[in-house]
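As structure tokens, the structure follows; a few thoughts come after it.
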Amino acid sequence: MVLTPARVSQPQSEAPASVTVIDRTLIEASGARELYEVLKLVPGMAAVKVDGNVPSVAYHPTQARDQRRMLVLLDGRSQYQPGLSRVSWNDMPVDIRDVERIEVTRGPAAAAYGANAFTAVINIITRDPRDISKSGVTVQGGNNGIRDAHLLGVHRLENGALRASVSRRADNGYDEPFEGESLPDGKRIETLNTEWVWDADARNTLMVQAGGSRSRLERQQEAGVADIGEYQGDPVQKGERAFVSLQWQHNFSRTHQLQVHTYGQYNQEITDFNVCYRDPVTGQTGPGGGLFFSQELRDLYLQNGSDMGATFAAFPADADATNRYLTLQGAGAPFCAGSELDIQEVRYDLEIQDTLQLTRWARLVSGAEIRHDRVQSDSYLGGTQDNISYRFFGNLALDVLDPVTVNLGGYWERDQISGDHFSPRAGVNWRLLPGHHLRYVYSEALRTPDIYEERANINIQAQTLSPPFADNTKALLGWAPAYFFVTQQSPGTFEPERIRSWEVGYYGQFSAIELDVRYFQESLTNLLSTALNPFEFEPSNEGWVNHQGTEAQLSWRPSVSHLFRVTGAHIHTDTNVKTERRLAARDSGSALWSWQFSRQWAFSSAYYLSNDYNDNVFERADVQLRFRHRAGPTELEWRAVVQHGLNKAPVVFAENHYQQDRMWLGVTVRI
Amino acid sequence: MQSRHGRALVLLLLLATAGGALSSPAQTVHVLAEPSPFKDVFVLSLAQDLPANLRVVDEPEAADVLVALGDAAFTRAMAQGKPLLGVHVSRALSEKAVQEGYRCAAIWAGVSLANQLQLVRTMMPLARRVGVVLGADSVWPAELVRGFRGALKLELLPVKNARDLGDTLRENLNHLDAIVLPVDDALLGPDAAKLVLLTSYRQRRPVFGPDLTFVNAGSVASYYASGSDLVSEAVQRLRVFADTGEWGASAFVSRPSVVVNEHVASSFDMHYRDSGALQDALQKAGGAP
């Protein structure tokens with residue numbers, strides 16, 4: 001039974017998509033510490049830390065830092081952030097132990113969820129407080145600075161239940177030292193996740209969720225900045241997130257249900273960095289470094305078409321800039337500035353969904369949604385930008401003939417940035433024999449340009465200045481406040497990225513085996529493939545990628561105590577932009593074996609392969625041993641996990657070394 | 001010569017049979033039950049299906065044999081001291097009566113655990129670990145569950161009362177593939193039924209059994225003893241008793257009916273989603289779970 005593909009509970013064999021379900025049993029067997037890691041069990045999915053401590057999770061991945069082309073839902077709340085179109089797995093306000101189930105719809109699902117459900121949808125469902133029997137506390141620690149804790153409290157009410165969980169997790173990231181130097185990629189994350197469910201009566205249920213997260217990530221120095229200055233300490237990214245959600249479910253009858261869901265969420269992310277800038281003439285830190293924050297160099301940069309090389313070539317001949325340089329020499333002290341990259345994203349969302357069994361052979365899911373996104377960022381947007389969107393959706397499931405189910409779905413939306421769009425999907429599922437099903441699915445989807453891509457206005461301000469620049473900013477730098485000379489502005493003319501996909505699949509359950517196989521072709525066009533960062537800003541809509549391949553997932557339970565699960569993907573990727581191939585592994589897969597060899601003891605082992613990411617093969621084996629026993633009124637579960645890298649290759653990029661095993665020991669006490 | 005002897009033997013046998021039938025009068029059967037439409041239909045059906053040497057009478061005093069429908073009638077009938085067949089009687093009550101020396105037997109309420117497990121295996125071939133909820137008055141003894149050996153691994157979920165049921169389900173559902181419920185009127189009242197069905201549905205664990213009412217409420221499927229199943233079984237028992245003077249051991253109906261909730265079965269991707277197809281598959285499968 002799956003919920004995600006067509007927004008309604010339906011048998012997996014009748015869903016208009018390939019679906020991977022990762023339930024709590026599998027999550028526990030995987031031994032994963034962090035939520036993103038279990039997604040390695042999904043065929044065709046990349047789930048690795050690309051940027052030190054920042055996970056990239058992408059289905060049929062393309063760019064290495066690609067967080068843009070997949071929708072992630074957490075209890076129905078979109079985790080896709082509108083400002084910089086990404087999903088931050090670090091800041092997601094949930095701990096892996098709070099999750100009941102993850103459903104991954106593999107393939108475009110914009111017909112059910114709208115723009116940005118582009119390559120896939122990950123739907124994370126937390127544990128219902130009504131179904132938790134015990135409160136508990138977990139602590140675990142290991143090498144590489146692994147220090148995790150989780151506290152779960154559950155309270156049963158007369159007609160409902162309440163759950164609250166608090167967690168903290170920390171580690172030091174990849175191996176250190178790297179080339180003799182320490183790598184700042186440690187992290188510390190705290191989350192709060194609460195839920196109250198009230199069964200008002202037989203027809204009405206109310207769910208209230210609230211929570212948030214706080215993160216502190218060590219970040220590596222930006223190469224573009226490090227070229228012109230000396231960092232006075234590694235940058236630190238601080239994140240804060242909060243949300244509140246209200247959901248009401250009403251059953252008119254056994255064949256007619258209504259659901260109203262509204263939520264608000266807030267996200268803030270600030271990265272501080274303090275740099276003493278080098279004099280562009282001497283190459284040493286000094287007062288001449290102030291030129292990088294001068295109005296004259298900004299003007300020269302704009303006159304030279306925002307080309308840094310041309311700007312510095314023109315500098316000696318530019319009278320205003322050279323005069324500014326000479327003025328700075330009188331300051332007598334090195335120029336140091338503290339800046340920040342900041343972004344605040346707020347979303348308010350209201351959605352109504354109606355599920356109606358029209359006849360014995362026809363079921364309709366329909367609904368409407370209104371969403372308000374507001375993004376505030378001085379550094380990325382030069383202020384505040386809003387985007388209000390209106391959406392209508394529907395999916396009609398028809399059991400036309402007994403063995404054939406047809407799903408027809410569509411999603412219409414209008415937003416202030418990208419205008420009107422419609423995303424269709426059609427699927428046919430044919431029940432060949434009991435337990436054997438074929439499907440064909442055609443779908444289209446789009447990714448609308450995010451607010452940054454469409455409205456970028458990059459200005460990095462000197463928030464703090466060293467003396468004497470702090471007290472005499474205008475006289476020394478030509479303007480106050482002072483900004484870094486590099487600035488970028490989006491042309492605001494991007495078209496949405498588009499994907500067309502079709503697949504032929506088989507889903508079967510026979511003997512002790514569950515098997516899903518699919519062949520697919522995907523064509524991605526209008527891609528924004530080029531860099532859009534302060535130092536490289538090349539707006540272009542001309543990227544394209546074609547994927548075709550085969551995926552399979554197989555579960556085999558030969559006996560009650562053994563579970564074998566194997567996934568594999570073989571994908572051919574063709575593109576006109578080299579960077580769109582970085583995370584596109586030709587062959588990838590996973591294998592998991594779980595063995596409950598007594599009532600108290602359990603063993604599990606997993607193997608992951610991706611060949612390759614950015615020319616580096618990723619290969620890892622995990623082993624976990626669990627022991628559960630009672631001690632008085634409490635139940636204790638001990639857990640020992642080892643993750644062993646099977647090759648010496650770095651993970652995607654050279655600095656991501658993973659040669660030292662990760663191991664940790666944990667204990668959970670439930671009462 | 002041999003042929004002449006053969007014909008004589010057949011003739012003697014026929015005479016003996018006819019003589020026996022003529023010489024022993026029909027046994028009389030009275031049905032004890034609380035007044036209900038079910039009782040009326042049961043009595044009517046029984047009267048139609050009984051063989052010639054058995055007939056239904058209206059007065060208990062005139063009856064050679066009593067048939068008691070349900071626990072209350074069974075308890076009342078025991079006092080009459082006549083041979084007694086309980087129909088749809090709780091297993092615990094009938095076993096107690098036998099232990100106390102009453103000349104009785106019963107067709108127990110519910111169906112056998114083996115039947116329900118066969119249903120699970122046929123509809124859910126991937127199922128491995130199945131929970132069996134048992135209360136103090138459930139029709140299946142705990143030893144039966146503990147001692148079960150087969151492709152399915154049974155997990156006994158003992159429950160003291162309806163309040164205990166919620167915790168037991170919360171504690172165990174996650175590592176089970178399905179739940180099987182016994183007939184247990186004391187444990188599985190309307191509120192408990194709602195609790196079991198909603199909790200298991202939320203956790204995507206199908207419930208099998210215990211009867212038609214549960215299936216209508218949201219259980220995937222169940223073998224159950226229908227009225228005609230009970231009549232057929234009672235007729236069979238009465239016939240044996242009339243012939244041998246023995247009841248045989250108490251048991252569940254040997255050929256129960258099966259019912260599927262098509263909507264729920266479809267939601268759980270069960271292999272068989274309607275009763276007809278399932279019945280055919282069960283007949284083909286045969287064997288033990």
Is it true that the side chains of A:Thr4 and A:Asn123 contain a donor and an acceptor less than 3.5 Å apart? yes
Between A:Gln10 and A:Met1, does a side-chain contact (heavy atoms from CB on, under 4.5 Å) hold up when you go through it step by step? CA-CA 5 Å; A:Gln10 62 185 157; A:Met1 196 196 302; over 6 Å; no
A:Leu433 versus chain B, the contacting section by heavy-atom distance below 4.5 Å: neither
Should A:Glu195 and A:Met207 be marked as a side-chain contact (heavy atoms from CB on, under 4.5 Å) after you check the CA-CA gap, both sets of side-chain angles, and the distance that decides it? CA-CA 7 Å; A:Glu195 182 175 4; A:Met207 282 168 267; 4.0 Å; yes
Would you say the side chains of A:Asp98 and A:Thr126 form a donor-acceptor pair under 3.5 Å? no
Okay, A:Arg127 and chain B: the region with an atom under 4.5 Å from a heavy atom over there is neither
Does a donor on one side chain sit under 3.5 Å from an acceptor on the other, for A:His437 and A:Trp430? no
Any idea which of B:Arg202, B:Met124, B:His175 has the most non-hydrogen atom pairs under 4.5 angstrom with chain A? B:Arg202
Under a 3.5 Å threshold, yes or no: a donor from one side chain and an acceptor from the other, between A:Thr668 and A:Arg639? yes
Hey, which of A:Asp23, A:Val2, A:Leu3 has the most heavy atom pairs under 4.5 Å with chain B? A:Leu3
Residue A:Asp128 versus chain B: region with a heavy atom under 4.5 Å: side chain
Less than 4.0 Å between a side-chain N and a carboxylate O, is that true for B:Glu233 and B:Arg255? no
Heaviest contributor of heavy-atom pairs below 4.5 Å to chain A, chosen from B:Ala277, B:Pro125, B:Gly166, B:Ser266, is B:Ser266
So, the side chain of A:Arg670 versus the backbone of A:Lys134: is there a donor-acceptor pair under 3.5 Å, distance only? no
Between B:His263, B:Lys153, B:Met270, who has the most heavy-atom pairs with chain A when the cutoff is under 4.5 Å? B:Lys153
Is chain B contacted by the side chain of A:Gln509, its backbone, both, or neither, given a heavy-atom distance below 4.5 Å? both
Chain B contacts, top residue of A:Arg254, A:His436, A:Glu514, A:Arg130 (heavy-atom pairs, under 4.5 Å): A:Arg130
Counting heavy-atom pairs under 4.5 angstrom with chain A, the leader among B:Leu173, B:Thr199, B:Asp177 is B:Asp177
Just by distance, with hydrogens left out, do A:Ser18 and A:Arg439 show a side-chain donor and acceptor under 3.5 Å apart? yes
Do you know which of A:Glu14, A:Gln596, A:Arg24, A:Glu100 has the most heavy-atom pairs with chain B at a distance under 4.5 angstrom? A:Arg24
For chain A, which residues from residues 179-197 of chain B lie under 4.5 Å away (heavy-atom distances)? none
Using side chain to side chain contact (heavy atoms under 4.5 Å, CB included) as the criterion, point out the one residue from A:Pro403, A:Ser13, A:Pro11 that pairs with A:Arg431. A:Pro403
Quick check on A:Ser511 against chain B: is it the side chain, the backbone, both or neither that has a heavy atom closer than 4.5 Å? backbone
Name the region of A:Arg360, side chain, backbone, both or neither, that has any atom closer than 4.5 Å to a heavy atom of chain B. side chain
Side-chain donor-acceptor pair under 3.5 Å between B:Asn161 and B:Asp164, yes or no? no
Please work out whether the ring planes of A:Trp593 and A:Phe564 are parallel, tilted or perpendicular, with thresholds of 30° and 60°. parallel
